[in-house]
Amino acid sequence: MPELPEVEVVRRGIADHVVGRTITGVTVHDVRSVRRHLAGPADFRHRLEGRTVVGAARRGKYLWIQLADPEGGASDAILCHLGMSGQFLVSDASAPPQRHLRITLELDDGNELRFADQRIFGGMSFSEDGAELPPEIAHIARDPLDPLFDPAEFAARIRRRQTGVKRAILDQTLISGVGNIYADEALWRTPLHYARNTRHLRTREIESLLGHIGDVMREALAQGGTSFDALYVNVNGNSGYFDRSLQAYGQEGGPCQRCGTPIRRDPFMNRSSFWCPVCQPRPRNGRF
DNA sequence: CTCGATTCCTGTTAGC
DNA sequence: TGCTAACAGGAATCGA
């Protein structure tokens, strides 16, 4: 399940292997993967063919491929989201199609940039004037690895909310790039229970949580970045980080690495929350 | 405006 | 053995 670190690895892969190439052909194998391109798959193809890739950028879990402008105006982009199973691969054009291949971009060096996505939560769309920041994602907040991310603004905004702290950090308009896995890890490290009310968080709790969110992402990025394959633009959530370093997510019944208490799992937003009942006590009536 | 439930998808696995 | 149900979850959408 790609979160910010995994998307950043993909961005670097595209920057290394696709920048400078011209798109010579486009095949949409499954229209659902371009459903956010409202003009449809034929328009998607026509907009991309002949364009040259000049960069790859990212905000949170969104990634966009920057295109040279053929006419001298503001530049366009291909906006991409991996959803929960999306993968980009750079393959020789003669290589057999991958399982779940949804979109193929033919390049002028004999390679193809391929988008495979089992569950089709992800997808691509053409973003007019989107090279700097696609207008479609202008509502997405900066992520904690962005030099311009503003911790004070985040603290002020989260405290204006009246909801559980995990809901808040999963809200991409408050802070972007955090998914279910790293949310649980950061909350365990801080430690905070996922249902703690945002309105009553202490300043030092918010600052600590932010620090741990950044730490978790930087650690995952350091590990994911080392397992990059030249012809396989990494990747989904199968980085080594998953098996070795998770201390809360997926650890139901296992001992908390701080206190030994069995980790609990609660249903949460149609998914799960993993937490230590001793280190991260559930807020009670009258307490926050 | 904010909050929270619902929906979109498919492959794997647990349970009967 | 074969079927069904649960589960994984990012983010848009909608009702309250």
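Within every chain, numbering begins at 1; the chains are lettered A, B, ... in the order of the sequence lines, protein sequences first and strands thereafter.
Summary of helix geometry: the two end axes of the helix from B/dT2-C/dA16 to B/dC16-C/dG2, each defined by five base pairs via their C1' atoms, are inclined to each other by 50° (rounded to 10°).
Annotation: cation-pi pair A/Arg167/A/Phe268 present, NZ/CZ under 6.0 Å from the ring centroid and within 45° of its normal. Taking the ring centre of A/Trp188 as origin, the terminal cationic atom of A/Arg258 falls inside the region bounded by 6.0 Å and 45° from the ring axis.
Remark: A/Arg167 is not in phosphate contact with B/dC3, judged by side-chain N or O atoms under 4.0 Å from OP1 or OP2. A/Arg161 has a side-chain polar atom (N or O) that falls below the 4.0 Å cut-off from OP1 or OP2 of B/dC3. Put simply, A/Tyr182 has no side-chain N or O that comes within less than 4.0 Å of OP1 or OP2 on C/dG10.
Following rounding to the nearest Å, A/Asp143 (CG) and C/dG10 (C1') show an atom-to-atom distance of 15 Å. The distance between atom CG of A/Asn197 and atom P of B/dT2, rounded to the nearest whole Å, is 15 Å. Rounded to a whole Å, the CD1 atom of A/Ile169 is 14 Å from the P atom of C/dA11. Taking atom CD on A/Gln172 and atom P on B/dG4, their separation rounds to 17 Å, with Å as the unit. As rounded to whole Å, 14 Å separates atom C1' of C/dA8 from atom CG of A/Leu246. Look at CG on A/Leu82: it is 13 Å from C1' on C/dA11, rounded to the nearest Å. Atom CD of A/Glu6 and atom P of C/dG10 are 11 Å apart (whole Å). Atom CZ in A/Arg35 sits about 7 Å away from atom C1' in B/dC8, given to the nearest Å.
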Below 3.5 Å is the cut-off: list the nitrogen or oxygen pairs between protein and nucleotides 10-12 of chain B, distance only.
{"residue": "B/dT10", "atom": "OP1", "partner": "A/Arg32", "partner atom": "NH1", "Å": "2.8"}
{"residue": "B/dT10", "atom": "OP1", "partner": "A/Arg32", "partner atom": "NH2", "Å": "3.1"}
{"residue": "B/dG11", "atom": "O4'", "partner": "A/Gln118", "partner atom": "OE1", "Å": "3.1"}

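Between A/Glu3 and A/Lys61 there is no salt bridge, since no side-chain nitrogen of the basic residue lies less than 4.0 Å from a carboxylate oxygen of the acidic one. A salt bridge links A/Arg189 to A/Glu219: at least one charged side-chain nitrogen sits closer than 4.0 Å to a carboxylate oxygen.
Against DNA chain C, the stretch residues 265-275 of chain A makes heavy-atom approaches under 4.0 Å through A/Arg265, A/Asn270, A/Arg271, A/Ser272.
No option in A/Arg114, A/Glu112, A/His29 other than A/His29 meets the side chain to side chain donor-acceptor pair (under 3.5 Å) test with A/Thr104.
For the 3.5 Å distance criterion, the side chains of A/Ser85 and A/Asp117 qualify, holding a donor opposite an acceptor. With hydrogens and angles left out, the side-chain atoms of A/Trp275 and A/Asp266 include a donor and acceptor closer than 3.5 Å. Side-chain N/O atoms of A/Arg199 and A/Thr163 include no donor and acceptor closer than 3.5 Å. There is a side-chain donor-acceptor pair under 3.5 Å between A/Thr52 and A/Thr22.
Note: A/Phe44 and A/Phe126 fail the aromatic proximity criterion, with ring centroids not under 6.0 Å apart.
Taking a 6.0 Å sphere around CD of A/Glu132, one finds it holds 12 or fewer heavy atoms contributed by other residues, nucleotides or ligands.
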